[in-house]
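Shown next, in structure tokens, is the structure this report addresses.
Order of the sequence lines sets the chain letters (A, B, ...), proteins ahead of strands, with each chain counted from 1.
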Amino acid sequence: MTPRPPILPLPRAFFARSPRRVARELLGKLLIRDLGELRLAGRIVEVEAYLGESDPAAHAAAGNTARTSILFGPPGYAYVYFIYGNHYCLNVSCEPEGKAGSVLFRALEPLQGIEEMARARDVKLGGSRDLPRLTSGPGRLAQAFGITRARDNGADLTSPGSGLWIAEDDFRPKNIRITPRIGITLAAEQPLRYILAGNAFVSGRKYRPKN
DNA sequence: ATATCGATTATCT
DNA sequence: GATAATCGATATG
């Protein structure tokens with residue numbers, strides 16, 4: 001076994017910035033779920049920035065309510081919401097305390113604990129075509145990682161002790177591309193979706209290089 | 001290949 | 001009461 005480089009949690013200051021900046025810099029980082037001895041890990045390949053109270057598409061547009069208070073709290077914490085009566089989605093709070101803003105995790109490239117992710121997703125692993133169905137899409141990655149609101153809303157994503165955290169290794173992303181956000185009706189034209197162009201785990205339609 | 005639709009609930013108007 | 005930061009199944013070209 002070749003020794004892998006160490007992975008380190010991202011510090012809180014990383015998240016105390018604008019959602020655009022955090023989203024851009026989260027590409028290529030790692031999302032880690034620790035369940036006792038078991039570790040799930042995935043490379044972040046698609047995220048979206050939600051800007052806060054001034055962003056009509058952001059939950060924070062409703063103001064600081066019981067649901068959205070985490071968005072207005074200190075940076076680096078998990079905001080988990082339930083949508084369409086079916087799915088959980090994971091965000092990380094951004095900006096200094098008092099100012100809302102977040103980044104939605106939309107897709108991961110699964111790296112570790114793939115069998116466990118497949119079990120959580122009820123996906124049978126055959127060809128490589130099956131892998132994107134584990135973590136390509138915000139609802140899918142949450143299910144693969146066992147993320148629920150009851151368990152994870154408010155978790156400290158800068159602390160390995162929380163069991164859900166974000167880490168950095170020596171990976172350096174290439175081909176970053178910015179597009180409009182997916183699945184929203186308000187402010188749908190704003191380019192706030194950040195992807196690793198060409199990565200097979202990015203959700204939605206495949207990026208095609210221009211001729 | 002794209003289009004449409006149903007599921008199912010927390011939240012806000 | 002309407003809507004939603006989604007997914008999977010089904011229908012159609």
Start with the C-alpha distance between A:Ser203 and A:Glu46, add both sets of side-chain angles, then the distance that settles side chain to side chain donor-acceptor pair (under 3.5 Å), and finish with yes or no.
-> CA-CA 8 Å; A:Ser203 75; A:Glu46 176 184 357; 2.9 Å; yes
| request: Could you check A:Glu48 against A:Arg106 for salt bridge (Lys or Arg N to Asp or Glu O under 4.0 Å), going step by step and ending with a plain yes or no? | output: CA-CA 7 Å; A:Glu48 284 175 355; A:Arg106 287 198 56 92; 3.7 Å; yes
In terms of heavy-atom contacts, A:Pro74 and A:Ser93 come closest through O-OG, 2.9 Å
Pairs under 3.5 Å (Watson-Crick or G-U), crossing ones as [ ], inter-strand ones as |: DNA chain B comes out as |||||||.||||.
Checking A:Arg17 against A:Glu25 for the salt bridge (Lys or Arg N to Asp or Glu O under 4.0 Å) test, could you report, in this order, the C-alpha distance in whole Å, the side-chain angles of both residues, the deciding distance, and whether it holds? CA-CA 11 Å; A:Arg17 301 179 292 166; A:Glu25 296 195 22; 3.3 Å; yes
Can you give each donor-acceptor pair under 3.5 Å made by side-chain atoms of residues 35-42 of chain A, sequence neighbours left out, with the distance rounded to 0.1 Å?
residue: A:Arg39; atom: NE; partner: A:Asp34; partner atom: OD1; Å: 2.7
residue: A:Arg39; atom: NH2; partner: A:Asp34; partner atom: OD1; Å: 3.3
residue: A:Arg39; atom: NH2; partner: A:Asp34; partner atom: OD2; Å: 3.2

Quiz item: Under the ring pair (Phe, Tyr, Trp, His ring centres under 6.0 Å) criterion, do A:His59 and A:Tyr81 qualify, and how do the steps go?
Solution: CA-CA 10 Å; A:His59 291 181; A:Tyr81 68 92; 4.6 Å; yes
- Any luck finding a side-chain donor-acceptor pair between A:Arg193 and A:Thr179 under 3.5 Å? yes
Closest non-hydrogen atoms of A:Pro110 and A:Leu134, given as atom of the first, atom of the second and distance, are CG-CD1, 4.5 Å
Result for 5'-nearest mapping on DNA chain C, choosing between A:Leu141 and A:Gly85, is A:Gly85
* Under 4.0 angstrom, heavy atoms only, what part of the nucleic acid is A:Arg181 near: base, sugar-phosphate, or nothing? -> nothing
- Task: For A:Ile184, report the nucleic acid contact type (base, sugar-phosphate, nothing); a contact means any heavy atom under 4.0 Å.
- Result: sugar-phosphate
When every non-hydrogen atom of A:Leu125 is compared with those of A:Asp130, the smallest separation belongs to C-OD2, 3.7 Å
Practice item. Evaluate the side-chain proximity of A:Glu95 to A:Pro75: yes if any heavy-atom separation is below 4.5 Å, no if none is. Key: no
With a 4.0 Å cut-off on heavy atoms, is A:Arg121 in touch with a base, just the backbone sugar-phosphate, or nothing at all? sugar-phosphate
Per nearest nucleotide of DNA chain C, the residue lying toward the 5' end, A:Arg140 or A:Asn91, is A:Asn91
When rounded to whole Å, the NE2 to C1' distance for the pair A:His87 and B:dA10 reads 14 Å
What residues 70-83 of chain A contributes to the DNA chain B interface at heavy-atom separation below 4.0 Å is A:Phe82
Span of DNA chain C engaged by chain A, first through last nucleotide within the 4.0 Å heavy-atom cut-off, is C:dA4 to C:dG8
Between the protein and nucleotides 4-6 of chain B, are there any N/O to N/O pairs under 3.5 Å, and if so, what are the atom names and distances?
none

Exercise. Hey, does the side chain of A:Thr65 come within less than 4.0 Å of B:dT11's phosphate (OP1/OP2), counting only N and O?
Worked result: no
* When hydrophobic residues are tied together by side-chain contacts of less than 4.5 Å, even through go-betweens, does A:Leu27 share a cluster with A:Phe171? -> yes
Take A:Asp156 and A:Arg12, measure what salt bridge (Lys or Arg N to Asp or Glu O under 4.0 Å) needs, and give me the verdict at the end. CA-CA 9 Å; A:Asp156 184 355; A:Arg12 197 165 313 285; 2.8 Å; yes
Indicate every side-chain donor-acceptor pair of residues 82-90 of chain A with a distance under 3.5 Å to a residue at least two apart or in another chain.
residue: A:Asn86; atom: ND2; partner: A:Tyr84; partner atom: O; Å: 2.8

